[in-house]
**Q** 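Provided herewith is a single structure, encoded as structure tokens, for subsequent inquiry.
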Amino acid sequence: MGSLLRTTPSPSEQPLRSRERSTARRAGTLRPRLLAPVAAASIALVTAGCGSTAASAGQPAASGSAAGSTPSARHPADPASSPAASHPADPSSSPAAAAAGAPEAGRCTTKALAMSLGTADAGAGQIHYRLTFANKSGHSCTLQGFPGVSMIRRDGSVIGVPAGREGAQGQRTVIGAGRTAAVTLHTLNQGIKGSGCWRKPDYLRVYPPGSKEALTLRTSGLRVCGDRFTTTAVDG
């Protein structure tokens with residue numbers, strides 16, 4: 001009684017406990033072996049996931065780098081930046097455009113003009129003389145309207161009255177270099193109206209349309225009768 005009683009397992013319990021201890025030892029042995037592959041697999045998955053994320057995150061940068069290395073991909077060809085497009089053919093440089101865009105010809109000055117008087121053209125009691133203006137400058141100029149025409153004696157006095165205006169104002173006439181334009185002086189044949197004729201002039205003094213300076217033409221070929229002395233506007 002004073003000594004401890006040791007319980008001895010029954011014969012049926014001994015095999016069971018032996019199997020439990022054996023199972024426990026195997027489980028203890030297998031657990032580290034199983035955990036190692038599982039841990040390695042988990043690390044591999046995490047590493048793969050991180051690598052995939054890094055690759056996904058880095059892909060645009062890589063694409064941008066590749067695009068940056070190819071100028072045509074980063075900056076597509078711009079038609080406006082090409083030499084041909086930057087300096088297109090200028091339509092105004094063509095001869096037709098240059099003529100169309102040329103400055104408008106100015107009025108003919110007295111220095112640019114020379115004069116001549118044609119012979120009398122008589123018919124049905126009417127007499128006409130063509131007074132011609134020649135452009136002696138090296139460029140075109142224009143005349144429009146009526147000139148001022150007077151017959152002058154040698155001493156500078158005026159014979160009769162200056163020519164009156166006959167007909168419409170007319171349109172602007174462009175006179176090229178070396179070209180001419182004219183007006184028509186009109187009078188009557190002697191005896192048509194019963195009045196006499198004026199004295200023949202020594203000069204014609206002519207103010208071109210729009211000018212305050214006169215041209216002088218030496219002539220004695222003009223004869224005015226019937227008190228009729230007129231001029232038309234300039235025509236081509």
**Q** For the backbone of Thr184 and the side chain of Thr232, can you confirm whether one donor and one acceptor N or O come within less than 3.5 Å of each other?
**A**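 Confirmed, Thr232 side chain pairs with Thr184 backbone.
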**Q** Should side-chain heavy atoms under 4.5 Å link Ile, Leu, Val, Met, Phe, Trp and Tyr, which residues sit in the same cluster as Leu188?
**A**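 Its cluster mates, by chain and number, are Ile192.
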**Q** Give me the other members of the hydrophobic cluster that Leu222 sits in, counting Ile, Leu, Val, Met, Phe, Trp and Tyr linked by side-chain heavy atoms under 4.5 Å, directly or via other members.
**A**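 Result for Leu222 is Leu113, Met115, Leu117, Ile127, Tyr129, Leu131, Phe133, Leu143, Val149, Met151, Ile159, Val161, Ile175, Val183, Leu185, Trp198, Leu204, Val206, Leu215, Leu217, Val224, Phe229, Val234.
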**Q** Tell me who clusters with Ile152, hydrophobic residues only, linked when side chains sit under 4.5 Å apart either directly or through other members.
**A**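 For the cluster that includes Ile152, the remaining residues are Val158, Tyr203.
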**Q** Listing request: all disulfide bond (SG atoms under 2.5 Å apart) pairs with a residue in residues 105-135, at least two apart in sequence or in separate chains.
**A**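 For residues 105-135: Cys108-Cys141.
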**Q** Could you name each residue pair satisfying disulfide bond (SG atoms under 2.5 Å apart) that touches residues 150-186, not counting sequence neighbours?
**A**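 Every pair satisfying disulfide bond (SG atoms under 2.5 Å apart) with a residue in residues 150-186: there are none.
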**Q** Filter on side-chain hydrogen bond (donor to acceptor under 3.5 Å, both in side chains), then keep only pairs touching residues 143-162, sequence neighbours left out; what's left?
**A**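 Those involving residues 143-162 are Arg153-Ser157, Asp155-Ser157.
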**Q** What closest approach, in Å, do Ala105 and Ser140 show between heavy atoms, and which atom pair accounts for it?
**A**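 Taking Ala105 first and Ser140 second, the nearest heavy atoms are CB-O, 3.7 Å.
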**Q** Keeping to residues at least two apart or across chains, list the salt bridge (Lys or Arg N to Asp or Glu O under 4.0 Å) pairs with something in residues 180-190.
**A**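 Every candidate salt bridge (Lys or Arg N to Asp or Glu O under 4.0 Å) pair involving residues 180-190 fails, so no pair, neighbours aside, qualifies.
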**Q** Hey, could you give me each pair passing salt bridge (Lys or Arg N to Asp or Glu O under 4.0 Å) that has a residue in residues 175-191? Not counting sequence neighbours.
**A**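 Every candidate salt bridge (Lys or Arg N to Asp or Glu O under 4.0 Å) pair involving residues 175-191 fails, so no pair, neighbours aside, qualifies.
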**Q** Sorted by first residue and then second, give each salt bridge (Lys or Arg N to Asp or Glu O under 4.0 Å) pair with at least one member in residues 211-236; sequence neighbours left out.
**A**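 Matches after skipping sequence neighbours: Arg130-Asp235, Glu166-Arg228.
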**Q** For Ser137, give me all partners under side-chain hydrogen bond (donor to acceptor under 3.5 Å, both in side chains), at least two apart in sequence or on another chain.
**A**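 Per chain and number, Ser137 pairs via side-chain hydrogen bond (donor to acceptor under 3.5 Å, both in side chains) with Asn135.
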**Q** What pairs of residues pass the ring-ring contact (aromatic ring centres under 6.0 Å, His included) test when at least one of them lies in residues 146-192, not counting sequence neighbours?
**A**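 Every ring-ring contact (aromatic ring centres under 6.0 Å, His included) pair that includes a residue of residues 146-192, provided the two are not neighbours, is His128-His186.
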**Q** Which residue pairs pass the disulfide bond (SG atoms under 2.5 Å apart) test with at least one member in residues 144-236, sequence neighbours excluded?
**A**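 Those involving residues 144-236 are Cys197-Cys225.
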**Q** Less than 4.5 Å apart, side chain to side chain, heavy atoms only: is that true for Pro208 and Pro147?
**A**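 No, their side chains stay 4.5 Å or more apart.
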